[in-house]
A.B. asks: 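Shown below is the structure under consideration.
Since we're looking at a predicted model, the values are computed, not measured. In the text below, chain A, chain B and the rest are named by the order of the sequence lines, each starting its count at 1. Values below: all heavy atoms of this structure, side chains included; hydrogens, waters and symmetry mates excluded.
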Amino acid sequence: MDAAEERRFREFVSARAPALMRLAYLLTGGDQHAAEDLVQTALAKVVTRWGRLDEPEAYVRQVMYRQQISWWRLARRQRETSVADVPEHPAGRAGTDEAELRLILRRALARLTPRQRAVLVLRYLEDLPEDEVARVLGCSVGTVRSTAHRSLARLRQTAPELADLRLSEVIS
Amino acid sequence: MTPRMLKQTLEEWSREVRVPADLADRALRRRSRLRLTRLAGAVSCAAAVAAVALLVPLVVIPHFAVEPISRVGGPPVVVPVQPYRETKPAEDVMTDTGNSPPKRMIAAGRVAVSAYFTWRWRTAGGRKVMDRTWYLLDQVTGTYEKTDWGWVEVAPGLRWAAVLEKALPVRRIGIFDMEVRRVRAWVPVDRPVGGLAWSPDGTRLLATAYDDLPDLDMTTVDERQCPTRAAATPEDARPPRMISTSRTGFYVVDVATATAGDFHAVDPCLTDNSNVRRDFGWSDDGTLVREASNIWKRPDAFYDLEGRPHDAPAGYVVTESKAGVSPDGTLLAGPDGMPTKVTELSTGRVVGRQQVLQLLAWADDRRLVALGCAGACGSEFHNGLVLVSVDGEDKVQLSVYRKNSQKPEEWHPVLTLR
């Protein structure tokens, strides 16, 4: 990598670091250090291929998704977030406003496995269709569908307040 | 719960992340290690396909590629500025004793020449105006780059700079990314500004507003006067002073969100100062606005962030040099004039004298960056940057000695924590 390429790489990182860190933060369940580690690992891989990538950001993102899942599998345990508190269950759904629900949902999301979170992020934040999610993660569409189903079921299990989650709408 | 809520929750949550300023550096450092320890034996279909993915074009288009991704949960972060933290530099001393103005990075200890300017007079409407040409450090190449900016102020850490366009004062402030060499955000202001100062933690800017050229030579202009009450004191019953400045007040800019708060007017007659340019600065702890005293041994003036006069902060020390108090708070750099001296703050005892002209900044607790003069110091204006120890025993030349520092087109360094 010559000085001009390094300059372009730095420019790319400077411009896209906020978005990449946000993605990493979600994939790691809100773990700042793990998110930084994930992004810098992915960027280090990009450096070795810099100049040969048409879409460096798409590449970084794909590496991040797969890396996170890979680490999790290798470790045979969840790289869970520091948000360790089990969500407290209010007496009833009534009176739970949307902001509160989002907080509950966030805590529940933090308790998913990295693969489950990755599927939800790709599917519902990045709005990718199932076949694209499958391609990014390197799995079948059926795996994506079943993972999404299990993810949503686990969200409901972790946080009964989310029981009215409309599965049919989500799994469209 | 709906997909919309899920999306909002994810977006909101993601905004809590802090964005490190040195991700590119980390990746570049990690590159060589990665070559040796590339993750092997990746498991699962995900990892298996990862290898194949290198061979096929990627078509995934991120859907939150445009900044900011969300306005949920507060104003969007558009500049990933991080609070300054002092770090140990890789190279303690960097000199350029072969070029004037310098071409290669100059630094010593915790400070670096982050920028410098040359100046010349021009005439505008029959008045003299000082024009600066700014040169800005490029840390990637370790060189200084000529710019077209009208004003430059580098943040501690050397990662960001604030810039103003020519024809000061101007109505927008640029937040310049020192790494990629471009403005990342423009901050509009209603009242034109001509001076900038970064907060000690490098997350806010103080922008000083002027309603006329801040570098105008107004010494012959007598168009505005301070009210009589401001000048007529028992000690000083002279006629009202002329207001030589066009300074009107200040803005405090939040850099992360690239937003200027309200304008705060400050009466120019509250202090004695005949300078046209009277930029505001920060108190050492970043809680107050400071107006440097123009009169020897007179304390600086302080204002709260609304522009109201305020007592000096606790522990404030009247300094007599640009260097001021040492980083550990024990020593005080003495006034300009060879030899300079450093005293113990608590006792006033002189702990060292230095054969230099001015003490500019502390490189660490035992060394200072100073203005030294060439040879036997036949001319105080034949000077340059040196690194000198408190006891005056050790001196390292950092830059070329300028032939005449007062001459137009000579360069003037700006020192910043790195």
A.B. asks: Keeping the roles fixed (side chain from B/Arg184, backbone from A/Ser14), state whether a donor-acceptor pair exists under 3.5 Å.
C.D. replies: yes
A.B. asks: What's the separation between atom CE in A/Met21 and atom CZ in B/Arg15, rounded to the nearest 0.5 Å?
C.D. replies: 14.0 Å
A.B. asks: Which atoms of A/Ala17 come close to chain B, meaning under 4.5 Å heavy atom to heavy atom: side chain ones, backbone ones, both, or neither?
C.D. replies: both
A.B. asks: Other residues, nucleotides and ligands only: do more than 12 of their heavy atoms fall within 6.0 Å of CG on A/Asp2?
C.D. replies: yes
A.B. asks: Hey, is NZ on B/Lys166 packed in by over 12 heavy atoms from elsewhere, all under 6.0 Å?
C.D. replies: yes
A.B. asks: Between the side chains of B/Asp177 and A/Arg10, is the shortest nitrogen-to-carboxylate-oxygen separation below 4.0 Å, so that they form an ion pair?
C.D. replies: no
A.B. asks: So does B/Arg18 get a backbone contact from the side chain of A/Gln32, meaning a donor-acceptor N/O pair under 3.5 Å?
C.D. replies: yes
A.B. asks: Looking at every non-hydrogen atom in both residues, tell me the closest pair between B/Ala27 and A/Leu43 and how far apart they are.
C.D. replies: CB-CB, 3.5 Å
A.B. asks: For residues B/Arg181 and A/Glu11, determine if any side-chain heavy atom of one lies less than 4.5 Å from a side-chain heavy atom of the other.
C.D. replies: no
A.B. asks: Could you have a look at B/Thr9, B/Leu23, B/Thr141, B/Val19 and say which one has the most heavy-atom pairs with chain A under 4.5 angstrom?
C.D. replies: B/Thr9
A.B. asks: Are A/Phe9 and B/Leu28 side-chain neighbours, meaning at least one heavy-atom pair lies under 4.5 Å?
C.D. replies: yes
A.B. asks: Identify which part of B/Asp22 has an atom lying under 4.5 Å from any heavy atom of chain A, answering side chain, backbone, both or neither.
C.D. replies: neither
A.B. asks: Does a side-chain heavy-atom distance below 4.5 Å link B/Leu6 with A/Leu109?
C.D. replies: yes
A.B. asks: Identify whether the distance between the nearest side-chain nitrogen and carboxylate oxygen of A/Arg22 and B/Glu16 falls below 4.0 Å.
C.D. replies: no
A.B. asks: Could you pull out the closest heavy-atom pair between B/Trp13 and A/Tyr25, with the gap in Å?
C.D. replies: O-CE2, 3.3 Å
A.B. asks: Salt bridge or not between B/Arg26 and A/Glu36? Use side-chain N to carboxylate O under 4.0 Å.
C.D. replies: yes
A.B. asks: Supply the atom-to-atom distance B/Gln8 CD to A/Leu125 CG, rounded to the nearest 0.5 angstrom.
C.D. replies: 11.5 Å
A.B. asks: Under the criterion side-chain contact (heavy atoms from CB on, under 4.5 Å), I'd like the reasoning laid out for A/Gln40 against B/Asp25: C-alpha separation, chi angles, the key distance, then a yes or no.
C.D. replies: CA-CA 9 Å; A/Gln40 71 191 50; B/Asp25 287 328; over 6 Å; no
